[in-house]
J.: 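The structure under discussion is supplied below as structure tokens; questions concerning it will follow.
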2 protein chains.
Amino acid sequence: MKPQVQIRMNEGLFLRDPLHSELGKNIINHSIKMIHKIGFENFTFKKVAEEIGTTEAGVYRYFENKHKLLVYLTAWYWGWLEFQIIFHTNNITDPIIKLKKIITLLASPVEDDELTDHIDEKLLHGLIISEGSKAYLTKEVGDDNKKKFFKPYKDLCAIIGSVINECNPKYKYPKSLASTIIEMAHFQHYFMHYLPSLTDFGKSKEESNIIAFLNDLVFASIKNNK
Amino acid sequence: MKPQVQIRMNEGLFLRDPLHSELGKNIINHSIKMIHKIGFENFTFKKVAEEIGTTEAGVYRYFENKHKLLVYLTAWYWGWLEFQIIFHTNNITDPIIKLKKIITLLASPVEDDELTDHIDEKLLHGLIISEGSKAYLTKEVGDDNKKKFFKPYKDLCAIIGSVINECNPKYKYPKSLASTIIEMAHFQHYFMHYLPSLTDFGKSKEESNIIAFLNDLVFASIKNNK
DNA sequence: TTTTAAATGATAGCATTACTATCATAAATA
DNA sequence: TATTTATGATAGTAATGCTATCATTTAAAA
């Protein structure tokens with residue numbers, strides 16, 4: 001039995017804690033698989049219920065609707081990524097090396113994390129790339145924000161922003177640069193695969209190019225305002 | 001009667017050309033208004049039909065489904081923006097000034113364009129900011145791309161990429177930087193309004209800050225690799 | 001160990017969504 | 001004037017997005 005890490009989740013995101021029961025974990029796992037496979041628009045509670053061998057009503061007991069489930073998954077992902085970043089940059093003092101590591105963690109293909117049994121991070125990463133923005137690109141963004149549903153995302157952004165600030169306290173846009181890094185780590189990945197002419201990496205399709213691009217972008221900007 | 005500009009549209013996007021009839025124009029106009037107001041997820045053909053005073057079937061004669069309509073609106077927007085950029089940078093020879101103008105055009109609040117009677121660009125701009133990415137963040141992205149539905153977006157990106165290339169032919173990521181500018185012009189705007197802690201402009205909420213940020217980002221990167 | 005509570009399964013139902021089809025009529029075109 | 005073509009009116013159907021009820025199984029408290 002390996003040590004397990006759990007991400008603390010906002011209780012407003014679920015009706016019943018999915019990680020406290022087998023059925024709940026099944027819902028999470030199969031939802032990730034299914035959304036990844038057929039896309040969020042085509043995903044329904046009925047379909048995932050059938051896949052699991054429970055009923056639609058069974059899924060509704062855990063999540064109010066599929067939007068909440070998506071927000072849950074994104075929140076979990078950002079929380080997990082924050083943990084990954086803190087874990088992997090813990091011993092690094094130089095903020096520049098730290099920021100480079102963060103960029104690598106953001107843009108690298110994710111390996112399944114042994115510390116969390118219940119979630120396939122690799123699949124989840126793919127899901128967040130193509131569906132993640134839909135969590136906040138809704139009319140409910142204000143309400144959801146009030147309920148702190150996006151706190152993990154904002155926390156992550158704040159952490160990255162503070163590392164940028166450490167690199168160069170005079171740089172004027174640490175938070176916007178941080179959100180740019182996060183979004184572009186994902187969007188460039190998506191573009192590279194599905195709309196390659198929007199990137200310079202269409203042929204190789206390798207994440208290392210995105211990391212190089214982001215490093216170039218970020219450190220040129222930070223240095224520039226010294 | 002002022003001269004009118006029309007954006008050439010991919011015929012695969014509609015069943016019947018909406019700009020060739022009053023009903024069609026009504027569908028476009030009221031769809032923009034309604035999606036802007038209630039969000040794409042809550043928008044239905046039935047609702048917009050009732051608003052216009054036609055029937056659901058009437059709207060379906062113009063567009064296959066609401067996804068196609070969204071792709072149509074985004075394609076129109078990018079086509080229109082390309083025209084704006086070509087129009088407003090026509091006489092500029094210095095690529096640096098040109099690129100600055102492009103960034104300003106991308107990130108500024110849009111004024112309603114007198115050259116197009118039939119579409120409210122200001123509303124459409126707001127719609128594209130919050131719903132635009134949903135046009136390509138779907139499982140159909142590959143099919144839609146094959147049908148050239150995203151050509152206007154890609155063309156715009158190519159134009160900006162070539163201006164970046166003119167500024168510094170040695171810069172390695174002109175296309176990725178171009179798509180970054182385009183996406184961030186919109187995302188930073190969205191964040192500034194709805195998730196302000198993801199930006200450095202939460203208090204003022206002024207687009208000029210986004211323009212300054214993007215200029216800083218872009219020209220630092222371009223200069224850096226000279 | 002009993003008793004009680006909590007979670008699940010099974011089934012039903014209902015309003016809305018996302019369409020497709022048909023037929024009559026009005027408007028535009030040949 | 002004949003004939004396409006576009007619109008209006010109405011119906012219908014499968015899927016979606018839920019809510020509700022009741023029996024049963026499982027787990028926790030007494």
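Just so it is clear, the structure is predicted and the values come from calculations on it, not from any experiment. To find a chain, count down the sequence lines: A is the first, B the second, and so on, and within it residues start at 1.
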J.: Taking CZ from A/R61 and C1' from D/dC22, how many angstroms apart are they, rounded to a whole number?
T.: 11 Å
J.: Rounded to the nearest Å, what distance is computed from the NZ atom of residue B/K47 to the P atom of nucleotide C/dC19?
T.: 15 Å
J.: In Å, rounded to the nearest 0.5 Å, how long is the span from CG of B/L123 to CG of B/L73?
T.: 11.5 Å
J.: As a test of reading the structure: which of D/dC18, C/dA7, C/dT17 is closest to the side chain of A/E56, going by heavy atoms?
T.: D/dC18
J.: Of the options C/dC19, D/dT7, D/dA9, whose atoms approach the side-chain atoms of B/S21 most closely?
T.: D/dT7
J.: Looking at A/R16, does any N or O in its side chain come under 4.0 Å of the phosphate oxygens OP1/OP2 on C/dT8?
T.: yes
J.: How many Å lie between CD on A/E41 and P on C/dA18, as a whole number?
T.: 11 Å
J.: Counting only heavy atoms from other residues, nucleotides and ligands, does the tally under 6.0 Å from CZ of A/F83 exceed 12?
T.: yes
J.: For B/Y60 and D/dT7, what is the distance between atoms OH and P respectively, to the nearest whole Å?
T.: 17 Å
J.: B/L198 versus A/K154: any side-chain heavy-atom pair under 4.5 Å?
T.: yes
J.: Round to a whole Å and report the spacing from CD of A/E50 to C1' of D/dG17.
T.: 14 Å
J.: If you only use heavy atoms from C-beta on, which nucleotide in D/dT19, D/dT7, C/dT8 is closest to the side chain of A/A57?
T.: D/dT19
J.: In whole angstroms, how far is the C1' atom of D/dT10 from the NZ atom of B/K46?
T.: 12 Å
J.: Where the side chain of B/T54 is defined as all heavy atoms beyond and including C-beta, which of D/dG8, D/dT7, C/dA18 is the nearest nucleotide?
T.: D/dG8
J.: Is the ring centre of B/F191 less than 6.0 Å from the ring centre of A/Y136?
T.: yes
J.: Counting only side-chain heavy atoms from C-beta out, which of C/dT11, C/dC19, D/dT16 sits nearest to A/T55?
T.: C/dT11
J.: To the nearest Å, give me how far apart CD1 (B/I52) and P (D/dT7) are.
T.: 11 Å
J.: B/E64 near the nucleic acid: base, sugar-phosphate alone, or nothing, with a heavy-atom cut-off under 4.0 Å?
T.: sugar-phosphate
J.: So, B/Q188 versus A/S176: side-chain donor-acceptor pair below 3.5 Å or not?
T.: yes
J.: Looking for any heavy atom pair under 4.0 Å, which part of the strands does B/Y62 touch: base, sugar-phosphate only, or nothing?
T.: sugar-phosphate
J.: When the distance from CD1 of B/I27 to P of D/dA6 is rounded to whole Å, what number comes out?
T.: 13 Å
